[in-house]
Amino acid sequence: MVSKTIQTQPFTDQKPGTSGLRKKVSVFQKPHYLENFVQSIFDSLQGYQGQTLVLGGDGRYYNRQAIQTILKMAAANGFGRVLVGQGGILSTPATSAIIRKYGTFGGIILSASHNPGGPDGDFGIKYNIDNGGPAPEKVTEAMYQRSKEIDSYKILEAPDVNLDTLGKFNIGDMAVEVIDSVADYAELMQSLFDFDRIRELVTNGQFRMCIDSLHAVTGPYAHNIFEERLGAPQGTVTNGTPLEDFGGGHPDPNLVYAHDLVEILFGENAPDFGAASDGDGDRNMILGRRFFVTPSDSLAILAANAKLVPGYSSGLAGIARSMPTSQAADRVAKHLGIESYETPTGWKFFGNLLDAGRATLCGEESFGTGSNHIREKDGLWAVLFWLNILAVRQQSVEQIVTEHWQTYGRNYYSRHDYEEVDSDRANNLITSLRAIAPNLKGKRYGSYEVEYGDDFSYTDPIDGSISQKQGVRIGFTDGSRIVFRLSGTGTQGATLRLYLESYEPDPAKQNLDPQQALAELITIADEIAQIRALTGMDKPTVIT
Ligand code: G16
């Protein structure tokens, strides 16, 4: 087999966003596009000769082709071994778990997460480092810089390999192992949670649940864990076969895109528990019977109940949340007497805190929750955590959440997304907010008074790195907040995200619809940012 060096031209748009490089499939299919970026990844790394790489993806369209290309490039670039998921399938959390378990050099995950798939959908590629977590900003920045000057890449001339059968073989001098996509991950879950107790709950004939994999990567994991290992009835997992186009759906577990599940949980004779996960398995949505748990509340509730779960029974070191996530978890941290951390959006910012043992649980409003067991957020882990709590407390989801509010107060929370906004308009809006925000202190809007306005900047407490311009925050004297930022994961125009939060300590006022509770703040946000005028849109496209 011959290693070839192929001449190429740089592309100017290979800047990784919040989580890797995401583009339309048609962009990745351009000659040399994928290869350039993969070579830029390799060129930004040091010391990988002879080392092991983990490789897999969420099964979306172009996954298999990309894996064949990356295997041949890894061989030509001198990797010693690649562990690749059977059928090219590895969820993001499973990849993180495998990197850590086998101490590999790093891993490549092919996914555009919750973005739609198929030939007209999105594709993506992200690199994870040896702690199992997303490459930090300095590494992704080096990849981007390299991508702007790259003039050649290396690839082995070799036939495609069989990804569907477990086994070991060689491509050139490089070993390839096709591994079981599920086993290592499922064993890790079994080591953290009380499977016996959960089994009792899900097989008692009373408790009913529905796990929707949205035809994305978690199907095989969910069948194995919930139906095989925990004995839940067959059919508990729905849409459990990963499809290249996710069955035409949008694999994003929220109230809008996981609508089939929402209809079941809010319908007649609804089950007790429902959950969905996203394209690559790192996000989760938790539902009770006619009850939605916001991701921000979910983080706070997992933290408050962590003692009930074997893997966390010795206590938490700290809790970290992304800045736009509600402050509900901070209240639990305070109560527990542990540190809470506020980081920019992006799971990569939790990595240092987890590695240093400063945080045990982390969470984001964008349906992401996780812990120090790996270095990614973890959808099925969150589902198991909830089931473990339900099994011990023998209460409904709604009872657990409302009792939590009674103890800690309720942080009403909502996110309004304005998708596919013209990029220039969206940038103008944020630029003018950056200018306005610092001057708002003391200003009154209806019943609210501004306490501070700023553009969030984060100094990593471990390595001192500084990340600026992470979102415009406007905080009010009663603890309410409005946050504005542009998404770093979209592929079409810009997505403006407006995050709204208010705090209600009085149990008698905790059962409002969040849109109603936040109505005044929603109006104030538009008054300050001129959203309707500047985006040209009169309402958000998605409300969660
Ligand atoms: C990614 C990141 C998350 C982030 C989310 C939304 O999630 O890993 O940390 O919260 O995007 O980011 P944005 O608001 O910039 O679109 P995923 O599940 O897409 O990998």
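The chain is numbered in sequence order, starting from 1. Each ligand, and each atom within it, is numbered from 1 in the order the structure gives.
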- Task: Using non-hydrogen atoms of the residue, decide whether G368 is closer than 4.0 angstrom to ligand 1.
- Result: no
- Item | Atom indices of ligand 1, in the order listed, that fall short of 4.0 Å to a heavy atom of S366 | 4 (C), 5 (C), 10 (O)
- Do S40 and Q14 have side-chain N/O donor and acceptor atoms under 3.5 Å apart? no
- atom 17 (P) of ligand 1 has as its nearest protein heavy atom S113 OG, 3.1 Å
- Atom indices of ligand 1, in the order listed, that fall short of 4.0 Å to a heavy atom of R485: 13 (P), 14 (O), 15 (O)
- Query: Under 6.0 Å between ring centres, would you say that holds for F123 and Y61?
  - Reply: no
- Going by atom types only, do N284 and T369 share a side-chain donor-acceptor pair under 3.5 Å? yes
- Answer yes or no: is there a donor N or O on one side and an acceptor on the other, between the side chain of S322 and the main chain of T345, under 3.5 Å? no
- Message: Measuring from atom 13 (P) of ligand 1, which candidate in G20, C362, G488 has the nearest non-hydrogen atom?
- Response: G488
- Per-atom contacts of ligand 1 with E364, taking only distances under 4.0 Å to non-hydrogen atoms: 3 (C), 4 (C), 9 (O), 10 (O)
- Task: Please check if the distance between the ring centroids of F385 and Y312 is under 6.0 Å.
- Result: yes
- Task: For the residue pair H373 and D378, confirm or rule out a side-chain donor-acceptor distance under 3.5 Å.
- Result: yes
- ligand 1 atoms in contact with T345 (distance to a heavy atom under 4.0 Å): 4 (C), 10 (O), 12 (O)
- Is G346 in polar range of ligand 1, meaning some N or O pair under 3.5 Å apart? yes
- Item | Per-residue contact class, E365 against ligand 1 - non-hydrogen pairs under 4.0 Å | neither
- With heavy atoms only and a cut-off of under 4.0 Å, state how E376 meets ligand 1: side chain, backbone, both or neither. neither
- Task: Please confirm whether K126 comes within less than 3.5 Å of ligand 1 when only nitrogen or oxygen atoms on both sides are compared.
- Result: no
- Query: Considering only heavy atoms, does S487 approach ligand 1 within less than 4.0 Å through its side chain, its backbone, both, or neither?
  - Reply: both
- Message: Check this for me - ligand 1, R497, N or O atoms closer than 3.5 angstrom, yes or no?
- Response: yes
- On the ring face of Y144, is K148 found with NZ or CZ under 6.0 Å from the centre and within 45° of the axis? yes
- Message: Closer than 4.0 Å to some heavy atom of D278 - which atoms of ligand 1 meet that?
- Response: 18 (O)
- For ligand 1, is R22 a contact, meaning one of its heavy atoms is under 4.0 Å away? yes
- Would you please indicate yes or no on a ring centroid separation below 6.0 angstrom for Y62 and F28? no
- Side chains of E501 and N411, donor plus acceptor under 3.5 Å: yes
- Please state which part of D280 comes within less than 4.0 Å of ligand 1, counting heavy atoms only: side chain, backbone, both or neither. neither
- Query: Is the closest side-chain donor-acceptor distance between R497 and S487 under 3.5 Å?
  - Reply: yes
- Message: In this structure, is the centre-to-centre distance between the rings of Y408 and H404 below 6.0 Å?
- Response: yes
- Task: Could you tell me whether the side chain of D252 and the main chain of Y257 form a donor-acceptor pair under 3.5 Å?
- Result: no
- Task: Between K377 and ligand 1, find which residue part has any heavy-atom pair under 4.0 Å and reply side chain, backbone, both or neither.
- Result: side chain
- For ligand 1, does D282 get within less than 4.0 Å through its side chain, its backbone, both, or neither, judged by non-hydrogen atoms? side chain
- Message: Is the contact between T489 and ligand 1 made by the side chain, the backbone, both, or neither, using heavy atoms and a 4.0 Å cut-off?
- Response: both
- Task: Tell me which protein heavy atom sits closest to atom 6 (C) of ligand 1, plus the residue, atom name and distance to 0.1 Å.
- Result: R283 NH2, 3.8 Å
